[in-house]
Participant: 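Below is the structure I would like to discuss, written out as structure tokens.
Each chain gets a letter, A, B and so on, in the order its sequence line appears, and its residues count up from 1.
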Amino acid sequence: MSKEITSRAEDYSQWYNDLVIKGQLADYSAVRGCMVIKPYGFALWENMRDALDKMFKDTGHVNAYFPLFIPKSFLSKEAAHVEGFAKECAVVTHYRLKNDPNGGGIIVDPDAKLEEELIVRPTSETIIWNTYKDWIQSYRDLPLLINQWANVVRWEMRTRLFLRTAEFLWQEGHTAHATKEEAIEETKKMLDVYADFVENWMALPVIKGIKTESERFAGAEDTYCIEALMQDGKALQAGTSHFLGQNFAKAFDVKFSNKENQLDYVWATSWGVSTRLVGALVMAHSDDQGLILPPRIAPWQVVIVPIYKGEEQKAMIDVKAKELIASLKDKGIRVKYDDNDNARPGWKFAEYEMKGVPVRITLGARDLENNLAEIARRDTKEKKSISMDGLPEQISDLLEEIQQNMFNRAKHYRDEHITPADTWEQFEKLLDEKTGFISAHWDGTAETEEAIKDKTKATIRCIPLANKQETGKCILSGKDSVQRVLFARAY
RNA sequence: CGGGACGUAGCGCAGCCCGGUAGCGCACUUGCAUGGGGUGCAAGGGGUCGCUAGUUCGAAUCUAGUCGUCCCGACCA
């Protein structure tokens with residue numbers, strides 16, 4: 001059939017692309033490196049966004065919006081920051097087009113050159129801190145807890161749907177605090193919010209940790225992260241939260257008067273997750289038949305497929321289906337009734353499996369006679385007929401069970417793929433054959449980290465929070481080490 | 001930016017080597033049957049073969065250039 005999916009075993013990358021395209025999440029666009037997020041994919045993102053947005057509000061944050069364009073001079077105010085992003089910035093140089101006098105269509109008007117070029121934001125620290133300077137005078141103005149939902153552009157060489165596109169959607173939180181301790185607390189709090197969201201809504205277990213210097217966000221003192229494991233054994237950074245110290249406050253001269261009326265620079269954090277999470281979701285849970293979406297964020301939690309011969313049966317099933325839909329909606333369940341007569345039931349079964357709808361209810365004339373409905377769950381592919389009495393309650397429970405099962409399954413896989421290595425031979429063998437996270441000693445130097453990356457393509461994903469302190473010898477250099485860190489090949 | 005592959009109907013592809021005015025599957029339209037795992041039969045509609053130039057009586061096919069996309073690397077969330 002036209003909708004066949006490449007199997008994971010055959011070609012994992014192609015499998016992923018097939019799921020995104022054939023599951024109707026997104027499409028390639030006419031613009032290199034940019035994708036179109038289709039309605040089904042966007043509905044998924046909206047559910048994720050809404051859940052996160054509520055969590056941000058519940059922790060005292062408010063939303064605002066800052067400009068897409070950033071004056072070039074702003075970006076260069078923080079040295080490490082500009083160095084981190086300079087290589088991948090889109091630059092606006094002109095503000096007008098005109099008809100080509102030589103008849104070549106539309107051209108950029110050379111007379112409309114901007115005095116100062118504008119950078120399309122790769123992230124908004126600079127424009128935001130330039131603004132905060134005017135908003136903050138006193139400790140009474142702090143903390144400032146602002147988030148924005150926005151698009152950003154990073155001109156990537158190589159792109160992949162959702163995982164790495166030139167333009168992507170995200171949220172970026174930017175907070176200002178009176179003390180270092182409070183800023184660090186905020187950084188960790190938001191990391192907890194991310195972990196909570198990804199684990200409880202996306203059913204994807206994560207490891208909370210801190211990045212090494214070379215993996216740290218450009219301009220940060222410390223970068224905290226949550227790392228998830230995909231089914232091919234590669235790690236994926238699912239979210240980051242940065243303690244920015246006073247770096248941006250100093251670069252943009254943001255000072256406040258404390259209670260003792262002394263001037264000091266404010267302390268900052270920033271944190272973000274992006275549409276990349278959609279990619280993580282796809283790669284972590286799905287199978288060779290298509291997507292498997294966790295109920296809490298699935299656009300449709302239940303699909304009802306009627307099976308009938310002729311208008312008479314259809315009318316009877318419609319009546320029963322409408323009752324069922326009403327009672328499911330009463331329970332807050334997102335349900336779709338697919339009574340489209342152009343597609344056969346078998347086609348619909350395959351289609352909704354492709355799209356990862358957690359539960360399918362099949363309703364036929366035979367079922368009606370026996371007061372039954374056939375329910376099929378996407379995560380285990382189990383099918384059974386159950387009584388229509390009390391069905392909404394059972395569906396509600398089933399959705400919760402699926403959510404749990406998906407998390408447990410992913411966690412089991414993840415836990416099975418954290419393996420200690422004590423020799424270099426073992427380290428390389430595990431990376432190639434078992435994959436996943438390798439827990440190994442590291443001497444703490446960027447040189448060794450780089451050397452390991454060159455040899456194996458594996459990077460240090462993070463130093464887990466509350467990591468066990470344990471003396472040992474570095475896996476590569478053999479020098480003294482005080483703790484194990486997590487290595488993996490990563491997206 | 002290096003390596004590989006590909007641009008022919010909405011999608012997936014064949015045709016190209018050996019030049020003669022385009023075909024298959026899916027999708028679409030109409031009808032009938034069918035309907036509990038990607039339905040069957042019949043009849044239809046749709047393409048300046050990525051673009052530009054050249055060779056030729058004649059180019060999807062040969063030559064040169066150009067644009068674009070995907071895959072694998074280096075870089076990155």
Side-chain angles (χ1 to χ4, degrees), chain A residues 1-6 11-14 16-18 21-22 27-35 83-89 122-123 152-172 194 211 214-218 220 223 225-228 235-242 270-280 289-290 305-311 313-314 317 339-354 360-370 372-376 381 383 385 453-454 457 459 461 490-491:
Chain A
M1 294 308 299
S2 62
K3 286 227 169 176
E4 256 171 38
I5 298 172
T6 307
D11 184 343
Y12 191 86
S13 289
Q14 193 54 47
Y16 173 79
N17 288 337
D18 284 355
I21 300 290
K22 291 172 181 169
D27 243 333
Y28 294 107
S29 74
V31 187
R32 184 195 188 95
C34 296
M35 65 175 171
E83 200 182 322
F85 286 104
K87 298 187 298 293
E88 50 189 31
C89 285
T123 179
V152 287
V153 168
R154 296 180 189 175
W155 211 263
E156 298 290 349
M157 288 301 187
R158 215 180 133 223
T159 57
R160 292 197 66 190
L161 295 165
F162 286 113
L163 295 176
R164 190 178 300 108
T165 47
E167 180 192 13
F168 57 93
L169 305 183
W170 78 343
Q171 58 69 217
E172 45 182 325
Y194 286 154
K211 288 290 189 189
S214 56
E215 296 276 327
R216 189 180 294 159
F217 173 73
T223 288
C225 63
I226 48 173
E227 292 284 328
L236 185 144
Q237 178 176 302
T240 50
S241 183
H242 315 290
S270 70
W271 26 274
V273 296
S274 71
T275 37
R276 187 178 219 211
L277 285 177
V278 176
Q289 275 68 52
V305 177
I307 296 177
Y308 53 89
K309 285 183 207 177
E311 287 303 314
Q313 284 191 359
K314 171 70 166 49
I317 291 168
D339 64 345
N340 179 359
D341 193 42
N342 294 328
R344 304 286 82 66
W347 190 92
K348 291 176 185 175
F349 295 169
E351 182 67 13
Y352 292 109
E353 268 161 26
M354 177 86 73
R360 182 186 74 228
I361 300 177
T362 310
L363 220 48
R366 226 157 61 200
D367 299 307
L368 253 52
E369 284 173 25
N370 302 308
L372 291 173
E374 183 193 76
I375 60 174
K381 301 219 193 65
K383 284 197 289 196
S385 285
K453 186 179 175 184
D454 287 345
K457 289 176 190 148
T459 50
R461 299 320 302 158
Y491 280 97

Participant: Can you tell me how far P of G36(B) sits from CG of Leu368(A), to the nearest Å?
Facilitator: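 My rounded result for the distance is 16 Å.
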Participant: Check if the side chain of Arg366(A) and the base of G36(B) share a donor-acceptor pair of N or O atoms closer than 3.5 Å.
Facilitator: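 Flag set: donor-acceptor pair detected.
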Participant: Which residues pass the side-chain hydrogen bond (donor to acceptor under 3.5 Å, both in side chains) test with Ser274(A), sequence neighbours left out?
Facilitator: none
Participant: In the structure shown, which nucleotide is the Watson-Crick or G-U wobble counterpart of A64(B), with both distances under 3.5 Å?
Facilitator: U52(B)
Participant: On a whole-Å scale, what distance lies between the P atoms belonging to A59(B) and C51(B)?
Facilitator: 15 Å
Participant: Now, which nucleotide makes the Watson-Crick or G-U wobble pair with G47(B), with each of the two distances under 3.5 Å?
Facilitator: none
Participant: Which whole number of Å gives the distance between the C1' atom of G25(B) and that of U69(B)?
Facilitator: 23 Å
Participant: Can you name the nearest heavy-atom pair linking Asp27(A) to Leu161(A), along with the distance?
Facilitator: O-CD2, 4.2 Å
Participant: According to the Watson-Crick and G-U wobble definitions, with both distances under 3.5 Å, which nucleotide is paired to A14(B)?
Facilitator: none
Participant: Gln237(A) and side-chain hydrogen bond (donor to acceptor under 3.5 Å, both in side chains): which partner among Glu215(A), Arg276(A), Lys211(A)?
Facilitator: Lys211(A)
Participant: Nearest nucleotide by nearest heavy atom, which residue falls closer to the 5' end of RNA chain B, Thr159(A) or Ala365(A)?
Facilitator: Ala365(A)
Participant: Please give the distance between the P atoms of G44(B) and C57(B) as a whole number of Å.
Facilitator: 40 Å
Participant: Using the C1' atom as the point on both nucleotides, what is the distance between G40(B) and C26(B), in whole Å?
Facilitator: 16 Å
Participant: Counting distance alone, no hydrogens or angles: does the base of G35(B) have a donor or acceptor under 3.5 Å from a partner atom on the side chain of Lys314(A)?
Facilitator: no
Participant: If I take atom CD in residue Glu351(A) and atom P in nucleotide C11(B), what distance separates them, rounded to the nearest angstrom?
Facilitator: 18 Å
Participant: State, with a plain yes or no, whether a side-chain heavy atom of Phe168(A) is found less than 4.5 Å away from one of Arg154(A).
Facilitator: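 They are in side-chain contact.
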Participant: Using both distances under 3.5 Å as the test, list the Watson-Crick or G-U wobble partner of A9(B), or none.
Facilitator: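 By the stated definition (distances under 3.5 Å), nothing pairs with A9(B).
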Participant: Given Thr6(A), which partner from the list Asn17(A), Asp18(A), Asp11(A) fulfils the side-chain hydrogen bond (donor to acceptor under 3.5 Å, both in side chains) test?
Facilitator: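 Checked Asn17(A), Asp18(A), Asp11(A) against Thr6(A); only one passes side-chain hydrogen bond (donor to acceptor under 3.5 Å, both in side chains): Asp18(A).
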Participant: Anything under 3.5 Å between a protein N or O and an N or O of nucleotides 74-77 of chain B, put it in a table, one pair a line.
Facilitator:
| residue | atom | partner | partner atom | Å |
| --- | --- | --- | --- | --- |
| C76(B) | O2' | Glu156(A) | OE2 | 3.2 |
| C76(B) | O2 | Arg164(A) | NE | 2.3 |
| C76(B) | O2 | Arg164(A) | NH2 | 3.4 |
| C76(B) | N3 | Arg164(A) | NE | 3.0 |
| C76(B) | N3 | Arg164(A) | NH2 | 2.6 |
| C76(B) | N4 | Arg164(A) | NH2 | 3.4 |
| A77(B) | O3' | Gln237(A) | OE1 | 3.3 |
| A77(B) | O3' | Gln237(A) | NE2 | 2.6 |
| A77(B) | O2' | Arg276(A) | NH1 | 2.4 |
| A77(B) | O2' | Arg276(A) | NH2 | 3.1 |
| A77(B) | N6 | Thr165(A) | O | 2.8 |

Participant: Where the side chain of Asp341(A) is concerned, which of G38(B), G35(B), C70(B) is the nearest nucleotide?
Facilitator: G35(B)
Participant: Considering only NZ, NE, NH1 and NH2 on the basic side and carboxylate oxygens on the acidic side, decide whether Arg360(A) and Glu353(A) come within less than 4.0 Å.
Facilitator: yes
Participant: Please name the nucleotide paired to C70(B) by Watson-Crick or G-U wobble geometry with both distances under 3.5 Å, or report none.
Facilitator: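 Looking at the geometry, C70(B) pairs with G4(B).
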Participant: For the backbone of Asp341(A) and the side chain of Arg344(A), can you confirm whether one donor and one acceptor N or O come within less than 3.5 Å of each other?
Facilitator: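 Yes.
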Participant: If you measure from the P atom in G20(B) to the same atom in C62(B), how many Å do you get, rounded?
Facilitator: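 Going atom to atom, P in each nucleotide, I get 11 Å.
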Participant: Between the base of G36(B) and the side chain of Arg344(A), is there any donor-acceptor pair under 3.5 Å?
Facilitator: no
Participant: Using the P atom on both, measure C28(B) against C11(B) and round to a whole Å.
Facilitator: 15 Å
Participant: Return the value, rounded to whole Å, for the distance between atom CG of Asn17(A) and atom P of C70(B).
Facilitator: 9 Å
Participant: Look through every strand shown and name the nucleotide pairing with G19(B) as Watson-Crick or G-U wobble, where both distances are under 3.5 Å.
Facilitator: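 Checking every strand shown, G19(B) finds no partner, since no pair has both distances under 3.5 Å.
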Participant: Does some side-chain heavy atom of Ile5(A) sit less than 4.5 Å from a side-chain heavy atom of Gln289(A)?
Facilitator: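 Answer no - side chains too far apart.
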Participant: What is the distance, rounded to the nearest whole Å, between atom CH2 of Trp347(A) and atom P of G40(B)?
Facilitator: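 Value for this atom pair: 15 Å.
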Participant: From CG of Asp27(A) over to P of C11(B), roughly how many Å is that when rounded to an integer?
Facilitator: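 Distance check: Asp27(A) CG to C11(B) P gives 10 Å.
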Participant: For Lys348(A) and Asn340(A), indicate whether the former's side chain and the latter's backbone hold a donor-acceptor pair under 3.5 Å.
Facilitator: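 Yes: the side chain of Lys348(A) pairs with the backbone of Asn340(A).
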Participant: Output the rounded distance in Å from CD (Gln14(A)) to P (C6(B)).
Facilitator: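 Rounding to the nearest Å, CD of Gln14(A) and P of C6(B) are 15 Å apart.
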Participant: Who is the Watson-Crick or G-U wobble partner of U34(B), with both distances under 3.5 Å?
Facilitator: none
Participant: Show each protein N/O and nucleotides 42-47 of chain B N/O combination with a separation under 3.5 Å, one pair to a line.
Facilitator:
none

Participant: If you pin Glu374(A) and Arg160(A) to their nearest nucleotides in RNA chain B, which one's is more 5'?
Facilitator: Glu374(A)
Participant: According to side-chain hydrogen bond (donor to acceptor under 3.5 Å, both in side chains), who are the partners of Arg461(A), at least two apart in sequence or on a separate chain?
Facilitator: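 Testing Arg461(A) for side-chain hydrogen bond (donor to acceptor under 3.5 Å, both in side chains), a comparison that skips the adjacent residues, returns Glu227(A), Thr459(A).
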Participant: Could you go through nucleotides 28-31 of chain B and list every protein N or O atom that sits under 3.5 Å from one of its N or O atoms, giving the distance for each pair?
Facilitator:
none

Participant: Please state how far atom CD in Gln289(A) lies from atom P in G38(B), giving the value in whole angstrom units.
Facilitator: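 Spelled out: CD on Gln289(A) to P on G38(B) is 14 Å.
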Participant: With sequence neighbours excluded, tell me which residues meet salt bridge (charged side-chain N to carboxylate O under 4.0 Å, His left out) with Glu167(A).
Facilitator: none
Participant: What's the CZ-P distance between Phe349(A) and G38(B), to the nearest Å?
Facilitator: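 Checked: the CZ to P distance equals 9 Å.
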Participant: Between C67(B) and U30(B), how many Å separate the two C1' atoms, rounded to a whole number?
Facilitator: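 Their C1' atoms lie roughly 41 Å apart.
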Participant: Taking the P atom of each, how far is G46(B) from A9(B), in whole Å?
Facilitator: 15 Å
Participant: For the residue pair Phe162(A) and Thr275(A), what are the closest heavy atoms and their distance?
Facilitator: CD2-O, 3.5 Å
Participant: Hey, are the side chains of Leu236(A) and Leu163(A) touching, using non-hydrogen atoms and a 4.5 Å cut-off?
Facilitator: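 Side chain of Leu236(A) against side chain of Leu163(A), heavy atoms only: contact under 4.5 Å found.
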Participant: What I'd like to find out is whether the side chain of Phe217(A) reaches to under 4.5 Å of the side chain of Thr240(A), using heavy atoms alone.
Facilitator: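 Side-chain contact under 4.5 Å: no.
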